[in-house]
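For reference, positions follow the sequence shown, starting with 1.
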Amino acid sequence: MIRAATTSDIAAITAIYNDVIATTNAIYREDQVDVSERMAWFEDKRTHGYPVIVADQEGEVVGYGVFGSFRFGEGYNHTVEHSVHVSQSHRGQGIGKEILEYLMSLAKEQNRKVMVAAIDSTNLASIKLHAGYGFQESARMPHIAQKHGQPLDLVLMQLEL
């Protein structure tokens with residue numbers, strides 16, 4: 001079941017987020033975060049009218065999705081950047097697809113025109129997932145970031161809604 005996140009989901013969201021930091025390059029940061037940081041992030045999203053959703057399986061949060069502003073400035077108000085993260089034990093089961101589909105429908109409801117995905121170039125599963133929904137690569141940015149001293153390449157994909 002996909003539903004709106006609540007404050008009681010923040011600990012689970014934080015655990016998923018920290019696992020993604022520790023085990024993948026999907027998030028370009030090295031330091032883990034605490035629940036208070038994710039709570040501030042959650043409140044900021046809600047204050048600005050952006051959704052935070054979770055995939056809930058029998059009361060357990062197994063993934064989450066969010067979108068927010070792509071860049072600062074009113075000219076970008078119709079464009080959002082999204083993130084989808086699924087717990088390691090539940091990847092490959094279609095949960096990411098469900099979250100992405102729900103985010104796309106919410107973006108359309110908010111009259112957004114473009115969704116952007118920023119994906120590490122080695123995350124071929126995410127690139128394939130997005131391509132399957134019509135996202136097209138619009139930029140490849142070599143060595144844009146570093147993690148554990150290794151240069152990372154970022155792929156930007158976008159979809160006109």
Side-chain angles (χ1 to χ4, degrees), residues 1-70 79-110 112 114-137 145 147-148 152-161:
M1 173 178 70
I2 306 295
R3 61 171 174 78
T6 67
T7 56
S8 63
D9 298 318
I10 300 304
I13 289 171
T14 303
I16 293 168
Y17 187 79
N18 282 333
D19 182 65
V20 171
I21 290 170
T23 62
T24 76
N25 284 337
I27 298 172
Y28 286 179
R29 68 184 301 166
E30 296 177 24
D31 298 328
Q32 303 272 304
V33 302
D34 60 26
V35 172
S36 65
E37 188 276 346
R38 285 287 90 182
M39 185 63 77
W41 162 86
F42 177 69
E43 293 299 340
D44 182 65
K45 292 294 182 194
R46 287 202 316 188
T47 298
H48 290 94
Y50 295 121
V52 179
I53 61 174
V54 294
D56 182 319
Q57 285 188 349
E58 300 175 10
E60 177 188 2
V61 173
V62 297
Y64 73 94
V66 61
F67 64 72
S69 60
F70 172 65
T79 301
V80 292
E81 181 179 345
H82 72 280
S83 295
V84 173
H85 298 295
V86 177
S87 68
Q88 199 170 132
S89 60
H90 288 81
R91 292 182 193 144
Q93 299 176 21
I95 296 167
K97 288 181 182 182
E98 290 179 33
I99 294 170
L100 179 56
E101 288 172 1
Y102 201 91
L103 286 174
M104 291 167 59
S105 70
L106 291 174
K108 288 176 184 175
E109 285 175 19
Q110 289 188 8
R112 307 297 178 168
V114 178
M115 284 190 84
V116 175
I119 307 168
D120 183 72
S121 65
T122 63
N123 192 344
L124 301 180
S126 184
I127 291 169
K128 182 179 177 181
L129 169 68
H130 284 83
Y133 283 96
F135 283 77
Q136 295 186 350
E137 184 174 322
K147 188 169 181 177
H148 304 299
L152 301 173
D153 300 346
L154 184 69
V155 175
L156 295 178
M157 299 181 79
Q158 69 183 64
L159 174 70
E160 291 192 34
L161 298 167

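Take Glu101 and apply the side-chain contact (heavy atoms from CB on, under 4.5 Å) test, not counting sequence neighbours, and it matches Tyr133. Tyr17 pairs by the ring-ring contact (aromatic ring centres under 6.0 Å, His included) definition with nothing, not counting sequence neighbours. Residues satisfying the side-chain contact (heavy atoms from CB on, under 4.5 Å) test with Leu156, not counting sequence neighbours, are Val116, Ala118, Ser138, Ala139, Met141, Leu154. In this structure Glu98 satisfies the side-chain contact (heavy atoms from CB on, under 4.5 Å) test together with Ile2, sequence neighbours excluded.
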(message) Checking Glu43 against Thr7 for the side-chain contact (heavy atoms from CB on, under 4.5 Å) test, could you report, in this order, the C-alpha distance in whole Å, the side-chain angles of both residues, the deciding distance, and whether it holds?
(response) CA-CA 9 Å; Glu43 293 299 340; Thr7 56; 3.9 Å; yes
(request) Output, in order, the C-alpha distance, side-chain angles, deciding distance and verdict of side-chain contact (heavy atoms from CB on, under 4.5 Å) for Ile27 and His85. (result) CA-CA 10 Å; Ile27 298 172; His85 298 295; 3.8 Å; yes
(request) Decide side-chain hydrogen bond (donor to acceptor under 3.5 Å, both in side chains) for Asp44 and Tyr50; before the verdict, give the C-alpha distance in whole Å, the side-chain angles of both, and the deciding distance to 0.1 Å. (result) CA-CA 9 Å; Asp44 182 65; Tyr50 295 121; over 6 Å; no
(request) Start with the C-alpha gap between Asp120 and Thr24, add the side-chain angles, then the distance that decides, and say whether side-chain contact (heavy atoms from CB on, under 4.5 Å) holds. (result) CA-CA 9 Å; Asp120 183 72; Thr24 76; over 6 Å; no
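Judged by distance alone, the side chain of Lys147 and the main-chain N or O of Ile21 form a donor-acceptor pair under 3.5 Å. Between the side chain of Gln110 and the backbone N or O of Pro51 there is no donor-acceptor pair closer than 3.5 Å.
Between Gly68 and Lys45 the shortest heavy-atom distance is CA-NZ, 3.7 Å. In this structure, Ile127 and Ser121 approach most closely via the heavy-atom pair CD1-O, 3.9 Å.
Residue pairs that meet the side chain to side chain donor-acceptor pair (under 3.5 Å) test with at least one member in residues 33-42, sequence neighbours left out, are Asp34-Ser36. Residue pairs meeting the salt bridge (charged side-chain N to carboxylate O under 4.0 Å, His left out) criterion with at least one partner in residues 4-29, sequence neighbours excluded, are Arg3-Asp9, Asp19-Arg91.
For the atom pair Met115 CE and Thr79 OG1, the distance stands at 10.5 Å (nearest 0.5 Å).
In this structure, Val52 and Arg46 have side chains that are not in contact, with every pair of non-hydrogen atoms separated by 4.5 Å or more.
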